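These notes concern the structure reproduced below.
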Amino acid sequence: MDQDSDQENTDINFWKIKRLSKILSNLKGNGTSMISLVIPPGDQISRVQKMLSDEYGTASNIKSRVNRLSVLSAIISTQQKLKLYQKTPKNGLILYCGTIVDELNKEKKLSFQIEPFKPINTSLYLCDNKFHTDILSSFLEEEEKIGFIIIDGKGVLLGILRGNRKEILFKSTVDLPKKHGRGGQSAVRFGRLRMEKRNNFLKKVAEVSLSYFILDNQKIGVKGIILAGSAEFKKELNVSELLDHRLQNKIIKIVDIAYGGEAGFNQAIELCSPSLSNLKFIKEKKILQIFFEEISRDSGKYVFGLRETLQALHSGAIEKLLVWENLDFLRVVFSNSKTQEDCLFFLKEEDIQEFLEKRNIGNKNIVNVKEKEFLVDWLVENKKIFGLSLIFVSDKTPEGNQFTKGFGGVGAILRYPLQIDLELDHN
């Protein structure tokens, strides 16, 4: 149970980094008013503070008054954030501070502090018109990658499975001669030509495998390799001296499949699921298969759709809450200045203005937004209150795509059957 909890926390941290990286990379500023600061483990906060003080003195000489004030303000914000820390956290510290320009061309001050869930091995200080999120992207790239070589008499496909995403790297078809049935000298000659073309094909497969799975001809880019095929080619490739020994040492399983190409890729993933159980792709498929099985059995131990899931949430019946990682519903608290009452609604950003206009007709600013946050953020912060497991789902797997498009991207597996009151207003 503790292992499952640790993995859930890791997945949540990973989701936070992924989401924040996406937000930060889209922000822009005027001049060089946005600071990106990365402090590795073991570095001294006092050293960084001194460096910022020196930068403040340098920035004071910027000729443009507007740019000078923006840079100085960003440096001051960064120094204030650093004062919250007596020493660098065990995995390091990442700070983003500065003045951005929003979609209405208005300036807005922002600051983010991140204590990474994995150690940082680099340091950085940049003052620019954007936040530099390469360090965050590197966390996302460090997921385990499994390479796939799908080979048969019709062609070859190279792919990788990383996290909850699969990717085709290379795909090629081949037209190899069949066995020659006639006797005599022609049979020997055709047999020799046939073996020569097979060997050339295997040599090509070995070469492209080397170029895609070994980076810069030095570092192996995958944790393991699955060798799959519907003919003898996979076995010939494995025992031949054509395949680089570094790749041969990474082969974790050889499987027989009925298809080649992308269909074979999917089948190989399915057949190797027990060996790849720690990969997000496999975990996501398994949990969604359980969810769909509950629906097909009509067990009553399932719920989907925002309204129904929220009702089950507040009843305490949810065991595993499944949420699309890009769910864009907001949890919005509106206040009514006339009745002095607050009301809670779940809306998308583009629907909030229309909501306010309908309720403020003839009574200007009677209803206003009091609180607003993404529903997913609220669920992350409050999941322990409801005693549930929060599982993020992508749309990268067939099951995940079906869940997001067909079930609204939110649902749950319940502890016990629950009768949902469809007449109850979830707001």
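Remember, predicted model here, so these are calculated numbers, not experimental data. Start at 1 with the first residue, then count along the sequence.
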For residues [X] and [Y], is any side-chain donor paired with an opposing acceptor at under 3.5 Å?
| X | Y | value |
| --- | --- | --- |
| Ser73 | Lys109 | yes |
| His132 | Asp128 | yes |
| Ser394 | Glu325 | no |
| Tyr85 | Gln113 | yes |
| Tyr302 | Glu293 | no |
| Thr397 | Glu284 | yes |

[X] side chain to [Y] backbone, donor-acceptor under 3.5 Å:
| X | Y | answer |
| --- | --- | --- |
| Asp328 | Lys348 | no |
| Ser53 | Gln49 | yes |
| Ser21 | Lys18 | no |
| Arg331 | Phe346 | no |
| Glu349 | Leu330 | no |
| Thr309 | Leu306 | no |
| Arg68 | Ile62 | yes |
| Lys301 | Ile413 | no |
| Asn26 | Lys22 | yes |
| Thr88 | Asp43 | yes |

**Passing candidate, ring-ring contact (aromatic ring centres under 6.0 Å, His included) with Phe292, options Phe403, Phe304, Phe407** =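 Of the listed residues Phe403, Phe304, Phe407, the ring-ring contact (aromatic ring centres under 6.0 Å, His included) partner of Phe292 is Phe407.
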**Message:** Apply salt bridge (Lys or Arg N to Asp or Glu O under 4.0 Å) to residues Lys285 and Glu270 and explain how you reach the verdict.
**Reply:** CA-CA 10 Å; Lys285 286 174 71 73; Glu270 197 68 37; 3.6 Å; yes
Which atom pair, heavy atoms only, marks the closest approach of [X] to [Y]?
| X | Y | answer |
| --- | --- | --- |
| Gly224 | Ile252 | CA-CG2, 4.3 Å |
| Pro116 | Asn91 | O-ND2, 3.1 Å |
| Ile318 | Leu388 | O-CB, 3.6 Å |
| Ile120 | Thr122 | CG2-O, 3.2 Å |
| Leu24 | Phe131 | CD2-CD1, 3.7 Å |
| Val393 | Gly400 | CG1-CA, 3.9 Å |

Would you find more than 12 non-hydrogen atoms of other residues, nucleotides or ligands less than 6.0 Å from [X] atom [atom1]?
| X | atom1 | answer |
| --- | --- | --- |
| Glu354 | CD | no |
| Gln86 | CD | no |
| Lys154 | NZ | no |
| Lys253 | NZ | yes |
| Arg65 | CZ | no |
| Gln44 | CD | no |

**Request:** Might you work through the side chain to side chain donor-acceptor pair (under 3.5 Å) test for Ser172 and Lys204, ending with a clear yes or no?
**Result:** CA-CA 10 Å; Ser172 177; Lys204 178 185 177 183; 3.2 Å; yes
Quick one: does [X]'s side chain get under 4.5 Å of [Y]'s, heavy atoms only?
| X | Y | value |
| --- | --- | --- |
| Ile254 | Ile251 | yes |
| Arg162 | Phe281 | no |
| Asn368 | Asn336 | no |

**Request:** Check the pair Ser299 / Glu294 against side chain to side chain donor-acceptor pair (under 3.5 Å), numbers first and verdict last.
**Result:** CA-CA 6 Å; Ser299 64; Glu294 295 290 348; 2.4 Å; yes
**Request:** Flag the pair Asp11 and Lys283 as a salt bridge only when some basic side-chain nitrogen lies within less than 4.0 angstrom of an acidic carboxylate oxygen.
**Result:**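 No, Asp11 and Lys283 are not salt-bridged.
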**Item:** Stepwise ring-ring contact (aromatic ring centres under 6.0 Å, His included) check, Phe329 with Phe374
**Value:** CA-CA 6 Å; Phe329 276 97; Phe374 278 102; over 10 Å; no
**Asked** Strictly under 6.0 Å, is that where the ring centroids of Tyr96 and Phe112 end up?
**Response** no
**Request:** Might you work through the side chain to side chain contact (heavy atoms under 4.5 Å, CB included) test for Leu82 and Leu37, ending with a clear yes or no?
**Result:** CA-CA 11 Å; Leu82 279 180; Leu37 178 63; 4.2 Å; yes
**Prompt:** Within 45° of the axis and under 6.0 Å from the centre of the six-membered ring of Phe334, does NZ or CZ of Lys370 qualify?
**Reply:** no
**Request:** For salt bridge (Lys or Arg N to Asp or Glu O under 4.0 Å), just list the numbers for Lys108 and Asp102, CA-CA rounded to whole Å, side-chain angles, deciding distance to a tenth of an Å, and then say yes or no.
**Result:** CA-CA 7 Å; Lys108 182 179 180 182; Asp102 63 17; over 6 Å; no
**Prompt:** Considering the options Leu169, Thr173, Asp152, Ile150, which one meets the side-chain contact (heavy atoms from CB on, under 4.5 Å) requirement together with Leu157?
**Reply:** Ile150
**ring-ring contact (aromatic ring centres under 6.0 Å, His included) evaluation trace for Phe233 with Phe201** = CA-CA 10 Å; Phe233 285 98; Phe201 173 55; 5.7 Å; yes
